[in-house]
Amino acid sequence: MAGPQITIVGASLAGLRTAEALRASLPDASITLIGDEPHAPYNRPPLSKEVMEGFAGGGMSEDEAFARLSLRSKLSPDDVQMRLGMPATGIDPNGVRMADGTLIPSDWVVAATGIRPRRLPLHGNESIRHVLRGFDDARALAPMLRPGARMVVIGAGFIGCEIAATGRKLGLHVTLIEPGPQPMLRALGTRVAAAMAALHRRHGVTLLTGRAVEAFTPGKVILDDGKEIEADVIVEALGSLPNTEWLTGSGADLSDGVLVDDRMLATGARNLLAVGDIARFANPLFDDVPRRVEHWCIPGFSARRAAETIAAQETGAPQLPGFAPLPSFWSDQYGMRVQAFGAPALAETQTVIEGDLSQIGEARVIIEYARGGALIGVIGLGALPATIAKHRARLTAALSPKENA
Amino acid sequence: MKVHVNIDICLLHGQCVIAAPEIFSFDDNGDLVWVAEIDDSQVADAEAASDACPEQAIIIG
């Protein structure tokens with residue numbers, strides 16, 4: 001008997017890991033992996049850091065850069081049907097509709113379409129305005145990052161801060177504009193964000209906080225206080241939007257990503273699951289509020305969970321309840337690692353438990369984050385993972401009981 | 001099965017130590033150490049560690 005037809009839409013980390021896990025658990029399944037980009041699955045984090053540095057600095061060809069990113073896969077060519085270079089445009093009860101009008105018949109659909117950069121709704125300077133999400137974005141941006149060039153980065157989240165740091169390393173003049181009071185404020189909290197602001201300034205970045213871009217004039221960025229900044233290259237790093245338009249009409253809750261239950265099943269839709277950046281799920285380690293989590297670790301966790309769910313439903317095997325991955329994220333800026341575990345963004349208080357934030361970038365600093373008096377996250381700055389490990393163990397112990405609540 | 005770590009590209013994220021603490025750990029110097037030869041019961045954990053490595057530095061097989 002033929003196995004189920006499973007279509008995974010999105011051929012990045014989450015889609016690839018879902019395909020691998022499904023191949024292992026449902027050998028009879030017929031799996032199709034769809035990607036709108038022409039590239040085989042690849043890893044995105046180095047695009048703003050070491051690969052951009054090598055790429056822009058001239059030491060790395062496009063092929064070498066892609067080879068560094070390419071995701072190693074456990075799949076052999078016969079395991080899945082890959083359809084790259086064409087987006088899915090819709091979903092109906094029979095399957096997934098492609099941009100060329102064809103239908104891919106599907107018993108199960110896994111949405112892994114990820115996010116795209118938010119753009120400023122302003123005209124002007126189109127030829128020098130860039131975003132950084134995919135390999136093609138990096139390929140377009142890299143030749144602009146020449147020593148002495150003036151780069152204006154709009155948005156001081158992680159991507160904006162990383163590209164600013166990379167720009168400084170490459171010898172550019174960098175102005176970083178952030179509408180909020182500090183860079184990476186939501187993720188890091190006030191004290192650590194302020195220390196990161198100091199780190200950027202110490203490395204020569206002109207960081208302007210509390211400022212928004214009002215307009216572009218030829219070769220210039222105009223701020224809301226009237227200030228004009230000359231720019232040879234502009235990077236818009238203002239956060240992201242989930243790619244869920246193609247799921248309109250599926251019945252799923254698409255108010256921010258795709259609302260899923262603890263099995264990655266989309267609420268309100270039939271045989272639809274979501275994984276990776278677009279999956280909005282409640283994590284019982286913290287509370288019952290569903291959130292999207294744009295960390296690198298989530299695609300792997302959610303892909304395995306989604307594959308388990310489909311396998312359980314196809315085989316009738318029982319599935320353990322609960323999905324409670326420990327979130328973690330990292331960033332590298334000026335050779336300093338920012339390593340987080342847990343959910344610092346949900347914390348009310350921050351306590352430096354090792355080091356001194358005024359020494360950021362020079363000596364290790366470890367910060368604990370708490371909510372309601374209970375440990376909820378830990379961040380290490382310039383700290384080896386081995387030195388954070390004991391704090392992570394305390395965090396894991398503090399978070400576990402709620403799993404049974 | 002053998003566990004190989006390309007230490008040249010390892011950036012000490014430590015995700016393998018979380019995914020498979022019986023196979024990967026840090027020594028007193030903070031360097032990564034691992035069990036080079038694993039039995040079948042440990043393969044799933046080792047593969048989870050390999051998947052969790054942001055640098056793809058771990059090869060099982």
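Sequence lines set the chain letters: A, B, ... in the order given, protein chains first and strands last, and positions in each chain run from 1.
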Next on the checklist: So which atom in Q339(A) and which in H13(B) form the shortest heavy-atom distance, rounded to 0.1 Å?
Outcome noted: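 Minimum heavy-atom contact is OE1-O, 3.9 Å.
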
Next on the checklist: Please give me the minimum heavy-atom distance between A52(B) and W296(A), naming the atom from each residue.
Outcome noted: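 In this case the closest contact between A52(B) and W296(A) is O-CZ3, 3.3 Å.
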
Item to check | Between L11(B), D27(B), V17(B), D31(B), the one whose heavy-atom pairs under 4.5 Å with chain A are most numerous | outcome: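 Answer, by heavy-atom pair count under 4.5 Å with chain A: L11(B).
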
Next on the checklist: I need the Q15(B) CD to C297(A) SG distance, nearest 0.5 Å.
Outcome noted: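 Rounded to the nearest 0.5 Å, the CD-SG separation comes to 6.5 Å.
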
Item to check | Distance in Å, D51(B) CG paired with R304(A) CZ, rounded so as to fall on 0.5 Å steps | outcome: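 Result: 6.5 Å between the selected atoms.
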
Checking heavy atoms, do the side chain of [X], its backbone, both or neither come under 4.5 Å from chain B?
| X | answer |
| --- | --- |
| F341(A) | side chain |
| L326(A) | neither |
| S70(A) | backbone |
| L69(A) | backbone |

Next on the checklist: Quick check on S50(B) against chain A: is it the side chain, the backbone, both or neither that has a heavy atom closer than 4.5 Å?
Outcome noted: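 Just the side chain, heavy atoms under 4.5 Å.
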
Item to check | Residue that, paired with P385(A), satisfies side-chain contact (heavy atoms from CB on, under 4.5 Å) out of L32(B), L12(B), I18(B) | outcome: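 It is L12(B); the other options fail the test.
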
Checklist entry - What residue, out of L71(A), L13(A), L384(A), N43(A), has the most heavy-atom pairs lying under 4.5 Å from chain B? => result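 Highest number of heavy-atom pairs under 4.5 Å: L71(A).
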
Next on the checklist: Any non-hydrogen side-chain atom of E50(A) less than 4.5 Å from a side-chain atom of E55(B)?
Outcome noted: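 E50(A) reaches E55(B) side chain to side chain.
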
